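Here's the structure, in structure tokens; my notes come after.
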Amino acid sequence: MEHAMVSAATGVLSPILGKLSTLLEKEYSKLNGVRNEILSLKDELSSMNALLLKLADMEDLDVQVKEWRKQIRELSYDIEDCIDNFTHQVNCFPTPSRCSLKRFAQHTINKVRTLRARHEIANKILKLKARVDDASERRKRYNFDGIISSSSTVAPIDPRLPALYAEAESLVGIDEPSNYIIERLTEREGNSVQKLKVVSVVGLGGLGKTTLARQVYNKIGDKFDCRAFVSVSQKPDMRKIFRNILTSITGMDYYQGMEAWDEGQLINKLRDLLNGKRYLIVVDDIWSSLVWKTIRCALLDNNLSSRVLTTTRIISVARSCCYPDYNHVCEMKPLSDVDAEKLFLRRIFGSEDQCPIHLKEISNDILRKCGGLPLAIVSLASLLACKSQTKEQWEKYRNSICLALKDDPSANQMEKILSLSYNDLPHHLKTCLLYLSTFPEDFIIYKHVLVRRWIAEGFVTAEGGQSSEDVGEGYFNELINRSMIQQLRTQYDRASTCRVHDMIFDLIVSKSIEENFITLIGYKNHVQGPQGKVRRLSLKCLNRDDITMPPTTIVSSARSLTIYGSTKYMPLISDFQALRVINIEYNNALGDQYLIGVGKLFQLKYLRLIEVNISNLPEQIGELQQLETIELEWTKIKELPKGIARLKKLVFLRADFTSLPAGIGYMKALRHLSWIKTDNSTPLASLHEMGNLPELIYLDIHWRISDAYNDHKRYTECLVSSITRLCKQKLQYLRIRSDFSKGCSLDFLLDSWLTPPNFLRKFDMFSDYYFPRIPDWMALLSNITYLDINVSPATEDTLTILGKLPSLEVLWLWTKAVEPKGRFIIGSTGFQCLKEFYFGFWKINMGPIMFEVGAMAKVEKLLIELKAQGTDATSSGDFYIDVQHISSLRYLRVGIDCRDARAQEVEAIETTVRSATNFLPNHLLIEIRRHFAGQMVEDRGTGIRE
């Protein structure tokens, strides 16, 4: 699967093999015997591709092998450029006319025109073949295969070893997590027979999981009949692991003949020994569910309250260890700011209050970089403790932390620890992870943006009946699962954003530069990639406009261009020829002239402009027949060019506040259409054609037809007709925006839909319009899983109708009033699948929010939005939140809408909410947040604005 894609390991060798096969099928491969050269080239490149994949799984390669690998990857890009340019040349001529005479004449002209291109490709193939042959000869001459096969097989020292013997008094921030784990291990289940319990600690490498496990083991180990602590590692020797457990629980160093026992014999012996004993076993650093299942065979469940503690970096492995009790998975958290500073300063100065004033600010910068990772803090502190305590010296290491750790023998275990996780990734995930270095440090990365860029770069393809988007989302989730990226926010029970920990970011930047995978310019603390041919270029110009590229940099073969911010020295689009991706954000100086010539980028697949100063897309955009994504957010573009309708492969179109383009019916591949407006200037024909898009899954449309408009009825009927037809095809997500305050209501949704959109999975009403009742068609949405609606008043019937929706998992319900008597009570029936419930704008004076026994039995998240404006603190005594009957609830957030409210009103509602949540269960995570705090009004008599 991964071998068919672009990767950091093999460059573009894999796609080239497919393109060479296509060349062999064409008649121009017969020219001057070039067919044999193509066959030979394909065979040699296949062999090299296989070798590069093998090398990608090896560490500490010989320097000559590294250089040869780099040259082959660079050569692959040149070969692909040659093939792509030739294919474009011969395919860009017009199709012959149907008239036989004209067809003959046109065919003759095309043949003459392509003759030169055919001769050029033949000559280039011969030259490229010579370069490949030369590389093959170098491989033989320097005996690379021998060097590879004779690589050292000596096992390296485990970099986690010091954590096993850390003294308790030298540790910081360990007491709270160790006490929590001990509580989880020792708590009784409430019955007389105590089964074996497994608790698993999961988290990023370097967080201190091994140290934590050892401290827990030392604190409670003597309370068990026998105990053992074993480390597994990436490539475990199962027999050695079982022997270590065996000798630990018996206290015997050796059993007669034990070295010859196989896994089965060792497992049987362990089960015999554990029978009748209450035991504690710590299994540290598990990398595979299969390894755990093998170890689990030896751990006898003897109903004596035995305990097992495991550590891992992989969430799915942690869940496998605890199955089916997933509540026993404990995520390891970074150190708090206070503990991080304490650990850092103790390691350097012996005490946290001995830091010189001139180093205080720099030490804070270094700690922010460490992100609460104990190993990073200790590694850097160990390095700095041996250096002079001058501001200049510390600034040097602050600005080059990655290089400092790599070059200093006493501190480079940080990189080794993180490299274990990186090296464990399959090739395709390594490539996808390295690509994250193209984003700025600490950047919030949206999943849908990242996945579409992966697709455009060729890192992800459709497979096994899954779309490329689904496959890419799987890659994203797996990187979270392996603790390589940090999940920030979930949407609809899925991760929607992530960020990269600073230490992981340093690691992937270092590897991206080393492999010439991405060239970074303007990134603080990082040197740019090697000069010469750039494959992917990322410029960070935020807060700077003087970023320049070295004059020796060659961008003509670059696959992607990413720019953050404005610079006076922007590389010209005309300098690029092989771009697949253009991503420009926060650029106030771009201008319409910049994209002139974009029509020549015939390989372009992805165009994203965010907050850039551009008012028009060039008409040439219609010439980009490979373009799959156009995303325009907060630009000055109001109309899309007519040529956009010629984009037959366009899949994703987001163009904020632009009109529905004419000819949209020709864009048959379109799957996602977002933020498109429909107003009085929109042709009815376009609105009708939209309903004929066979692949459209996601529709987000801004309805701006005033109720007073003469043709309002015709537009309404046309929109409803189009949506009805789309729902009968593939439409799953529908969001309709409107400006009710400007006379654009959504009344048509109540009565106009004669045929309910039964196939909808998500419906989102983004408007200040409120339904007076639940529409009849909405009660028939049997497939709906996500619903966001405004209804006022919210009545018992409202909850009864919504509660009967059989597939509903997420509900956002917004209202201005509740009937009867302002009491919001969720009954014991209905909402059987609901996992997340969001409710607002509730006025606190109205009364309690209650859930009866059995209500919303699967809800894990409850978000309540309260309106502060107009709150009467004296009449809020009836308000309380009763969620004691929702046993599945894990998270409660109360948001306070501060818009147009006075500070005393906001404070009063916060006090009331805290009182209302004081008596909720301890396991419940409760948050109280202010929203729109900047829009509070001045308190009378003070003149102070919050």
Side-chain angles (χ1 to χ4, degrees), residues 324 326-327 490 492-493 749-750 753 756-765 770-843 846-866 878-894 916-917 919-921 923-926:
Y326 297 138
N327 288 336
T490 59
Y492 188 47
D493 203 26
L749 287 178
L750 282 173
W753 290 25
N758 290 329
F759 294 103
L760 273 185
R761 292 175 55 86
K762 303 179 185 179
F763 177 75
D764 190 347
M765 177 181 171
Y770 284 75
F771 290 140
R773 59 180 174 82
I774 298 293
D776 293 339
W777 57 267
M778 194 173 288
L780 302 175
L781 299 180
S782 58
N783 294 302
I784 203 79
T785 59
Y786 178 105
L787 187 61
D788 185 343
I789 56 170
N790 307 336
V791 182
S792 191
T795 65
E796 292 181 2
D797 284 345
T798 303
L799 297 175
T800 299
I801 293 170
L802 295 177
K804 290 180 179 179
L805 294 174
S807 304
L808 191 62
E809 295 182 3
V810 180
L811 173 62
W812 292 69
L813 178 61
W814 305 91
T815 190
K816 294 180 178 178
V818 174
E819 295 180 358
K821 299 180 181 180
R823 296 169 61 86
F824 191 77
I825 303 175
I826 305 292
S828 59
T829 60
F831 300 106
Q832 295 305 303
C833 294
L834 201 68
K835 296 179 181 178
E836 300 180 18
F837 180 41
Y838 305 81
F839 178 64
F841 293 111
W842 177 273
K843 286 192 177 180
M846 290 183 178
I849 300 174
M850 302 174 60
F851 296 81
E852 293 182 349
V853 177
M856 296 187 174
K858 295 183 179 179
V859 164
E860 298 175 0
K861 287 184 179 181
L862 173 60
L863 275 68
I864 301 171
E865 190 80 11
L866 302 175
D878 293 335
F879 175 79
Y880 61 89
I881 302 172
D882 183 0
V883 295
Q884 61 178 324
H885 299 306
I886 311 180
S887 59
S888 58
L889 193 64
R890 296 288 176 266
Y891 175 64
L892 170 64
R893 189 181 80 201
V894 180
T917 56
F919 302 101
L920 295 179
H923 73 271
L924 192 62
L925 177 60
I926 301 173

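Quantities reported herein were computed from a predicted structural model and do not represent experimental measurements.
Taking CD1 from I789 and CG from L811, the interatomic distance works out to 6.5 Å, rounded to the nearest 0.5 Å. Note: I774 CD1 to L805 CG = 8.5 Å, rounded to the nearest 0.5 Å. We find the CZ-CG distance between R773 and D797 to be 11.0 Å, quoted to the nearest 0.5 Å. The distance from the CZ atom of F839 to the CG atom of L866 is 9.0 Å, given to the nearest 0.5 Å. Rounding to the nearest 0.5 angstrom, the gap separating the CG atom in L862 from the CZ atom in F851 is 4.5 Å. A distance of 9.0 Å separates CG of L925 from CG of L892, quoted to the nearest 0.5 Å.
Formation of a donor-acceptor pair under 3.5 Å by the N783 side chain with backbone atoms of R761 is not found in this model. Of the possible donor and acceptor atoms, none in the side chain of T815 sits under 3.5 Å from a partner among the backbone N and O of P793. Formation of a donor-acceptor pair under 3.5 Å by the S807 side chain with backbone atoms of S782 is found in this model.
Between I825 and E852, the shortest heavy-atom contact is CG2-OE2, 3.8 Å. Across L781 and P806, no two heavy atoms sit closer than the pair O-CD, 4.5 Å. Here the closest non-hydrogen pair linking I886 and A855 is CG1-O, 4.1 Å. Taking each heavy atom of C833 and K858 in turn, the nearest pair found is CA-CD, 4.4 Å. For the pair K861 and Y838, the tightest heavy-atom approach, listed with the atom from each and the gap, is CD-OH, 4.2 Å. In this structure, L799 and F824 approach most closely via the heavy-atom pair CD2-CZ, 4.0 Å.
In this structure, the side chains of E865 and W814 come closer than 4.5 Å at one or more pairs of heavy atoms. Put simply, the side chain of R890 reaches to within 4.5 Å of the side chain of N327, judged on heavy atoms.
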